[in-house]
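Structure first, commentary second.
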Amino acid sequence: MSSRAAVLVIAAALLATPASAQTLRIAMTAADIPTTTGVPNNGFEGYRFLGYPPYDALVNWDFTHTDQPATIKPGLFTEWRIDEKDPLRWIFTVRQGVKFHDGSDFNVDAVVWNLQRLYDDKSPQFDAQGSAIVRAAVSMLDKWQKIDDHEIAISTKFPFSFFPYMMVRILIASPTQWDKVGKDWGAFAKAPSGTGPFKITKVVPAQFVEMERNEAYWDKTRIPKLQKLVLRPMAEATTRLAALRSGQVDWIEVPPPDAIESLKAAGFQISLKPYPHTWPYVLHVEGDSPFKDKRVRQALNYAIDRDGIVKLIAGTARPAAGLYAPESPFFGNPTEHYKYDPEKAKALLKEAGYGPGKPVKAKIMVSTSGSGQMLPLPMNEVIQQQVKPLGFDLDFDIVEWGAMLIALRSAPSAPPSHGVDGINISLSWVDPATMFRYYDSASYAPTNFNWGHWSTPEVDKLLGEAQATFDPVQQTKLLAEAHAKIVDDAPWVFIVHDLNPRALSPKVKGFNPAQSWFQDFTQVTVE
């Protein structure tokens, strides 16, 4: 379908959701509506729009301090502590007086029911798709026990001081509503019920989702100022741009970089802000993958002109030299400082037995769009051209975003990974447990997100020590040491950090972007 035809289809659909003074209409980068059941697919864009607005997590993100990366605050759990007699057992206090959108009570039993949904495949409400998404990150959760009507104990498989950060991944859906719709998650998706500041009121598959303000939201400071929030999937950047310019939407994620200056000139708002994001190649380091050799991994890190990539996307990203940005306290002091150094890349390849006459042949999985993916196809084409003269022959396996997310949660040898040597996927560092997910041997996919199956005993030890201590200074020291060793061993090709670009109508007011993959829409208005 052409961009013009797509816009005409969107325009027709928009007749069902006319603009009003208190309606915000957003065009997402997703190709389809993220799942509405309280475990959104489509990555963190799914959580951004159909996770935290209509649902609360057990622990919520705190968006109030926008001068620093977002941290956590009480959600449906108000307090937490470690059991003095058992370092694996956390005791959480459950918030009282909260209602689901369907009018039923939120309580300890609802927490247990939702944990069974995700972790007990024998429970009637077990949700296989939702379980795969949550358990891929919260793999350390072991068991739970209702203590009384005010407290619940949740145990981890090993000491994990960052566990409260994991609770942001567990959103709470209404057991009563699930029963009412016939005990079926597909039916629940059409009439969902959470406890969040917005209520989902209309779901039109593949077209749009409407939400309305939850007047009875328990956090009175976050009762939305908007009356309605309308979300539309638009995977093509040019389609999103046309919809914004024509007034069919008020907000688009990831405008085409070459349109930013003209959008500014026309009075549109452009939001750019650093957030915990890295756009790498996650490399498979086992078997006959060429990236089993550290020298080849390091060479590819030195072969990429990151400034050229940033220029291609009009400055909407900045060069990366590790998982973390250099100003992060977790960056550490690595020996390797990756920048464009073709001579060093060629020397490393020659030492490993490769070069222009005998190139490294590798296939990288690339998506057509997706959460934090920026412009993946043209960016990868430029990388392919940059590294070819130095001795890399890169081929691409181009897939839809959802297929890539399934691959990331699968072993590199599993069918969803398509036998590729690397995955180009935008990834986050939103919490202190990030390196455990990506680089620890206990996190090899499909258990968690270490898709490439890279690890070293030294890094495992440092991460384990960081997870076992509650001293923030010691945690930071250990994590920084681990990151330095990770950078030097180059399990990933660290390319750029996205700047979270979005374009907004001049009518949109009150948006103060958090340094987060997620945002607070409760303070936004549309004039």
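Everything numeric in this text was worked out from a predicted model, so none of it was measured.
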Q) What residues form a salt bridge (charged side-chain N to carboxylate O under 4.0 Å, His left out) with Lys99, not counting sequence neighbours? A) Asp105

(Q) The criterion is salt bridge (charged side-chain N to carboxylate O under 4.0 Å, His left out); which residues satisfy it with Arg95, sequence neighbours excluded? (A) none

Q) Is it true that Arg318 and Glu327 have a side-chain N and a carboxylate O under 4.0 angstrom from each other? A) yes

Q | Pair listing, ring pair (Phe, Tyr, Trp, His ring centres under 6.0 Å) test, anchored in residues 217-247, at least two apart | A | none

**Q.** Carboxylate-amine/guanidinium proximity below 4.0 Å for Arg81 and Glu79
**A.** no

Q) Do any N or O atoms from the side chain of Thr522 and from the backbone of Pro224 form a donor-acceptor pair under 3.5 angstrom? A) no

Q: Please list, chain by chain and in numerical order, all residues satisfying side-chain hydrogen bond (donor to acceptor under 3.5 Å, both in side chains) with Trp454, sequence neighbours excluded.
A: Asp489

Q | Electrostatic pair Glu465-Lys477, nearest N-O below 4.0 angstrom | A | no

**Q.** Inter-residue atom distance Ile33.CD1 - Phe49.CZ, 0.5 Å rounding
**A.** 13.0 Å

Q: State which residues pass salt bridge (charged side-chain N to carboxylate O under 4.0 Å, His left out) with Lys225; sequence neighbours excluded, sorted by chain then number.
A: none

Let me have the donor-acceptor pairs involving side chains of residues 265-277, under 3.5 Å, with sequence neighbours excluded, atom names and distances please.
| from | atom 1 | to | atom 2 | distance (Å) |
| --- | --- | --- | --- | --- |
| Gln269 | NE2 | Ser505 | O | 2.7 |
| Gln269 | NE2 | Val508 | O | 2.8 |
| Lys273 | NZ | Thr66 | O | 3.0 |
| Lys273 | NZ | Pro513 | O | 2.9 |
| Tyr275 | OH | Asp498 | OD2 | 2.8 |
| His277 | ND1 | Asp498 | N | 2.9 |
| His277 | NE2 | Gly372 | O | 2.9 |

Q) How are the rings of Phe163 and Trp90 set to each other: parallel, tilted or perpendicular (split at 30° and 60°)? A) tilted

